[in-house]
Amino acid sequence: MTVLTWSDDRVEQLKKLWEAGLSASQIAAELGNVTRNAVIGKVHMLRVSRPVSRGNTALAHAFEVELEPDPIAFDNVVPMSQRLSLLELNEATCHWPVGDPASPDFFFCGGKALTGLPYCAHHSRVAYQPATDRRRQPPKPPSR
């Protein structure tokens with residue numbers, strides 16, 4: 001089991017990212033070597049809060065709920081240091097494109113590619129699904 005120590009620099013970065021509105025998953029990916037749950041635990045220990053929003057607050061509580069990461073949303077949590085441009089890709093890096101190629105924010109995952117495949121483990125699971133999993137079942141008629 002690895003013991004994580006929170007340096008003053010990492011704590012400050014955590015606070016800034018949390019106050020900027022990033023999710024715990026995004027912060028964990030940005031900090032590296034830390035889990036989503038560790039981020040949540042540290043935020044609660046530090047008693048860091050999100051910025052107060054103005055306007056209709058009827059749904060405000062919905063923003064504090066941390067859901068399991070959506071496989072598609074994983075692309076948004078690729079660490080900045082891992083992101084690559086087209087010219088930086090090689091056989092050992094993940095070629096999964098993220099975002100709109102016409103956007104300046106477009107990048108490739110850049111993670112460690114699996115041997116013989118162009119993608120990392122996560123993106124290989126997304127790209128290479130068994131045919132039975134991809135096929136949609138026809139809708140069942142409503143029961144009476």
Side-chain angles (χ1 to χ4, degrees), residues 1-46 48-51 53 55-143:
M1 183 169 134
T2 303
V3 176
L4 174 72
T5 58
W6 287 93
S7 67
D8 292 340
D9 292 337
R10 285 174 65 91
V11 170
E12 286 305 312
Q13 188 177 11
L14 166 70
K15 287 179 183 178
K16 287 178 185 173
L17 295 172
W18 184 259
E19 290 169 357
L22 272 69
S23 72
S25 298
Q26 291 170 321
I27 294 170
E30 189 67 31
L31 292 175
N33 294 327
V34 65
T35 65
R36 169 185 162 270
N37 287 340
V39 168
I40 293 169
K42 190 65 174 177
V43 165
H44 287 291
M45 285 176 49
L46 295 170
V48 181
S49 63
R50 300 275 187 188
S53 62
N56 185 353
T57 58
L59 299 175
H61 69 280
F63 294 107
E64 295 180 22
V65 174
E66 191 73 36
L67 300 175
E68 286 300 314
D70 180 2
I72 303 303
F74 175 81
D75 294 334
N76 296 329
V77 295
V78 174
M80 296 297 285
S81 60
Q82 181 178 304
R83 298 176 183 191
L84 299 177
S85 70
L86 178 63
L87 298 176
E88 296 170 311
L89 294 175
N90 61 47
E91 289 181 1
T93 59
C94 180
H95 288 56
W96 189 267
V98 180
D100 179 3
S103 166
D105 296 332
F106 178 76
F107 62 91
F108 292 89
C109 170
K112 184 179 179 202
L114 297 175
T115 305
L117 294 175
Y119 306 126
C120 64
H122 170 75
H123 289 122
S124 291
R125 285 191 300 271
V126 174
Y128 303 115
Q129 297 175 12
T132 56
D133 291 349
R134 288 193 315 255
R135 293 190 183 120
R136 295 181 190 257
Q137 299 295 327
K140 294 180 180 178
S143 58

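All values below were derived from every heavy atom in this structure, side-chain atoms included, with hydrogens, water molecules and symmetry-related copies excluded.
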How far does [atom1] of [X] sit from [atom2] of [Y], to the nearest 0.5 angstrom?
{"X": "I40", "Y": "I27", "atom1": "CD1", "atom2": "CD1", "value": "9.0 Å"}
{"X": "F107", "Y": "Q82", "atom1": "CZ", "atom2": "CD", "value": "9.0 Å"}
{"X": "Q13", "Y": "L17", "atom1": "CD", "atom2": "CG", "value": "5.0 Å"}
{"X": "C94", "Y": "H123", "atom1": "SG", "atom2": "NE2", "value": "5.5 Å"}
{"X": "W6", "Y": "L14", "atom1": "CH2", "atom2": "CG", "value": "5.0 Å"}

D8 atom CG, over 12 foreign heavy atoms within 6.0 Å: no
Just do the side-chain contact (heavy atoms from CB on, under 4.5 Å) check on T93 and F108 with the steps written out, would you? CA-CA 9 Å; T93 59; F108 292 89; over 6 Å; no
List the atom of [X], the atom of [Y], and the distance in Å for their closest heavy-atom pair.
{"X": "H95", "Y": "N90", "result": "CE1-O, 3.0 Å"}
{"X": "S124", "Y": "L117", "result": "OG-CD1, 3.8 Å"}
{"X": "V34", "Y": "A38", "result": "CG2-CB, 3.5 Å"}

Let me know which of K16, R10, K15 forms a salt bridge (Lys or Arg N to Asp or Glu O under 4.0 Å) with E12. K15
Would you call the rings of Y119 and W96 parallel, tilted or perpendicular if under 30° counts as parallel and over 60° as perpendicular? perpendicular
Steps toward side-chain contact (heavy atoms from CB on, under 4.5 Å) verdict (R83, V98): CA-CA 9 Å; R83 298 176 183 191; V98 180; over 6 Å; no
Can a donor-acceptor pair be found, under 3.5 Å and without considering hydrogens, that links the side chain of E88 to the backbone of S85? yes
